[in-house]
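These notes concern the structure reproduced below.
Per chain, numbering begins at 1; letters A, B, ... match sequence-line order.
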Amino acid sequence: MNPPSRYLVTSALPYANGPLHIGHLAGAYLPADAFVRFLRLSGKDVVYIGGSDEHGAAIKIKALKEGVTPQEIVDKYHAMIKKAFEEIGISFDIYHRTTEKIHHETSQDFFRTLYKSGAFTELETEQYFDESAGQFLADRFIIGTCPRCQHPEAYGDQCENCGSTLSPTELISPKSTISGNTPVLRTTKHWYLPLEEHETWLRAYITHGMLDGKEHHYPEEWKKHVIGQCKSWLDAGLQPRAITRDLDWGVDVPPEIEGSEGKKLYVWMDAPIGYISATKEWAQQHKKDWELYWKDEETALVHFIGKDNIVFHCLIFPVILKSYGGFNLPVNVPANQFVNLEGQKVSTSKGWAVWIHEYLKSFPDKQDELRYYGFKIMPELKDSDFTWKGYQDAVNNELVNNLGNFIHRVLVLTNKYYNGVVPVIDESISINAPLELGLPTWHDSELLDLFDRLHDYRTYIKDFDFRSALKMLMEISTTGNQLLQNNEPWKQEKTDPDEVKVVMNLGLQYVTALSVAVRPFMPFTSDKIRELLALPPIKEKGEFVDLMDALSEGKHLIAAGHKIKKAQHLFTKITDEEIQLQMDALMNSKVEAAGAEEIQHLKSIATFDDFSKLDLRTGKITAAEKVEKADKLLKLTVDLGFEKRTVVSGIAGTYDPESIVGQDIVLVANLAPRKIKGVVSQGMVLLAEDKDGKLGFVSAPEGWAKGDVVR
RNA sequence: GGCGUGGUAGCUCAGCCGGUUAGAGCGCAGGAUUCAUAAUCCUGAGGUCGGGAGUUCAAGUCUCCCCCACGCUACCA
């Protein structure tokens, strides 16, 4: 495979219902940004696409809750997210949004084309319909009692309390969130993408990198967990996936299609198409041909995402693209894992996050510090942990003490000895090697050594190994510190000033090289170094290539006679107080979030008759064993005195079978029997559950007879 | 339960298709040094490579079983 002549790089579109946090940043934006900045520095033709994902039921719901329109919600968060990206230095060529007209047109074009080619199947299903509102209800618009955990406000697709995936028809006493009425089931038609029909080529594409009988990419270059996850889906058997919903916030199904009324594209269908519409918009603005970036064989498509998006980008979106025809498929999908915060999962609702916009307020002009730490803890292979202490250590030890200090030393000494002018040197003079004291070395051989390091640096970035690349930068800086230490200009200046000139000149070459090399990771610092060196700012137009060419030809990167500016500190230390402040803020927001946790609404009124239908009895567990092939289920034998029952209960997460034999319980004794995992369950054991999911048995006082009525 | 990914020094992690005394950064201990934001440089201590069995002349690296973490998935009447 030839190296691509141009790149189209995308970062997952953030969902516009909340601000941006560190997990987003380190997962899908920092790596993409470093990658595209490096490509630009390498003189490549690259377009970097981003934008807000603004459709879907979750946004509609949020709007209803806050009493505003969905448009107001997405306007607010789009602006907020866009600003955060700009300020933290994510260099999108365009940051678009899926509510734009061009996106609606593009998505509809996709739908239309796929529809005409017969890529969809139609299916009639029963869906809840709100008669007073006159519309079908998307999963998210139905709330009811969770059949698993009894949480009274579970959504139709998911219970946020216990995390179970649900379907609306499973909910107990469902209610429309629009009218509050009980919805009725009606048949409705939807379009489905029959993923299972694409399994063969998808498998070849994922596991062998083969597409249409040709080699498309090297699967070895993909992350293992990405391929593993895809294989897992393929092996489990792909299912048809609904691509439309009954909803009023989203992209319309093209009106000329029969039955399209009231139907919108499912968000996950229109979101990735957003990459394409954004590219079109960018192309219009810049008088370019968007198709070159999506359809030309020599363009490489790369999607940066978090692990939650693997299936969409590796299986579903490729199916859409290929069904349309003529589009490139991704040559790599470098998905990252998740970033935890101080050992716990990042959670917006629990107030456990580091928000980018708040960080920027607390630490103005410290964008690169956060970027640096973000790269350092990038969850490339497994989940990682953001800690404020780790952030402080990284900034203070590595940026201030190592990199910043090295550059500062060079600048201070150059100003002190040469009045800020890069000294002319005699290249034949040897100096002490930075690596091992006592060995001699020369200016030109050290520049070649620098070339080698930068060459490795380039290889790391090409392999998406950003952390190794970052480490290489620090190594260069460390080498610079060693160079100074081993040659001690502050001593030698009195005895051997010509030798010192060589050392200082070399140091300045290092700093100049760093001003370029540091850029993909720390663009703000790059600008600052250029400023201090009185060199023109980096425009990201092939400067890294120029740098490497110069080094390989033995040319200097900064010329003798050039005058630099006075030294200034690039980074300042993060104090313990600042860290404590952040930790306190984090704890406070957690407490606030816990306090704001929704008041547990009671279920709707039940009449006495409703209650009397239940026959509750005291009983005792006389035997318990695990249900095979189930994590949470125990098969219990309950003695009611007058008979024994077999009951399956989902309590294995809290109780070991041995520990509950002899436990007094209350049983719903007249519940309709149900077969679970092959065992018929004849009743239900009552348990209290706290908000962390901990369970506790409900029982009559000790010594009560078995089989007594509870009411 | 099934599938996937990880489990290497106190902490964060490198260790490619198996091959000499298992590496780096931070932290820690000792020393050198003062140009620099007490920064820098050198040296050192510290690991039965999650546990067990096996293949092999040789295993952190391959195979099997088990344990733990994370994710997807099934089960919660």
Kindly write out the residues that satisfy side chain to side chain contact (heavy atoms under 4.5 Å, CB included) with [X], not counting sequence neighbours, or none if the list is empty.
X	value
N505(A)	V422(A), P423(A), I425(A), H443(A), Q509(A), H556(A)
P240(A)	Y192(A), E196(A)
V346(A)	H21(A), L341(A), A353(A)
K565(A)	E531(A), A534(A)

Rounded distance (Å) that lies between atom [atom2] of [N] and atom [atom1] of [X]:
X	N	atom1	atom2	value
N487(A)	C42(B)	CG	C1'	15 Å
D308(A)	C72(B)	CG	C1'	11 Å
D393(A)	C28(B)	CG	P	10 Å
F406(A)	A39(B)	CZ	P	19 Å

List the residues meeting side-chain hydrogen bond (donor to acceptor under 3.5 Å, both in side chains) with E625(A), not counting sequence neighbours, and say none if there are none.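 Testing E625(A) for side-chain hydrogen bond (donor to acceptor under 3.5 Å, both in side chains), a comparison that skips the adjacent residues, returns none.
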side-chain hydrogen bond (donor to acceptor under 3.5 Å, both in side chains) filter on D465(A), not counting sequence neighbours, yields S468(A)
Applying a 4.0 Å non-hydrogen cut-off, can you work out what [X] is touching in the nucleic acid: base, sugar-phosphate, or nothing?
X	result
K573(A)	base
N397(A)	sugar-phosphate
T478(A)	sugar-phosphate

Counting primed atoms, P, OP1 and OP2 as sugar-phosphate and everything else as base, the B/S/- map of nucleotides 61-69 of chain B against protein heavy atoms under 4.0 Å is ---------
So the salt bridge (charged side-chain N to carboxylate O under 4.0 Å, His left out) pairs with at least one residue in residues 397-422 of chain A (sequence neighbours excluded) are K376(A)-E398(A)
So salt bridge (charged side-chain N to carboxylate O under 4.0 Å, His left out) across residues 225-242 of chain A, not counting sequence neighbours, yields R203(A)-D235(A)
**Asked** So which of residues 493-512 of chain A are in contact with RNA chain B, with a heavy-atom cut-off of under 4.0 Å?
**Response**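 Here the set is empty: none.
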Between C49(B) and U21(B), how far is it from one C1' atom to the other, in whole Å? 15 Å
task = For G27(B) and A45(B), measure between their C1' atoms and round to the nearest Å.
result = 13 Å
Stems field, RNA chain B, Watson-Crick or wobble, 3.5 Å, at least 3 pairs, by first number, holds B:1-7 with B:67-73, B:10-13 with B:23-26, B:28-32 with B:40-44, B:50-54 with B:62-66
Under the 6.0 Å and 45° cation-pi test, does K307(A) pair with F338(A)? yes
Position toward the 5' end of RNA chain B (nearest nucleotide), F338(A) or D465(A):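 This one resolves to D465(A).
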Tabulated below should be each protein N or O lying under 3.5 Å from an N or O of nucleotides 4-12 of chain B; please produce it.
residue, atom, partner, partner atom, Å
G6(B), OP1, K224(A), NZ, 3.3

query = Does the side chain of N405(A) reach to within under 4.5 Å of the side chain of V400(A), using non-hydrogen atoms?
reply =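 When only atoms from C-beta onward are counted, V400(A) and N405(A) do not touch, as no gap falls below 4.5 Å.
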Which word best sums up how the rings of W222(A) and H217(A) line up, parallel for under 30°, tilted for 30 to 60°, or perpendicular for over 60°? parallel
What class does the angle between the rings of F466(A) and F304(A) fall in, given that below 30° is parallel, 30 to 60° is tilted and above 60° is perpendicular?
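Ring orientation, 0 to 90° scale: tilted.
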Test side-chain contact (heavy atoms from CB on, under 4.5 Å) on V638(A) and I665(A); report intermediate values, then the result.
CA-CA 9 Å; V638(A) 173; I665(A) 55 111; 3.7 Å; yes
Requested in this report: Take atom NZ of K563(A) as the centre, draw a 6.0 Å sphere, and report whether it contains more than 12 heavy atoms from other residues, nucleotides or ligands.
Outcome: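 Counting neighbours around NZ of K563(A), more than 12 heavy atoms of other residues, nucleotides or ligands fall under 6.0 Å, so yes.
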Below the 4.0 Å mark, does C42(B) have OP1 or OP2 next to a side-chain nitrogen or oxygen of Q482(A)?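 Looking at the OP1 and OP2 atoms of C42(B), one of them is under 4.0 Å from a side-chain N or O of Q482(A).
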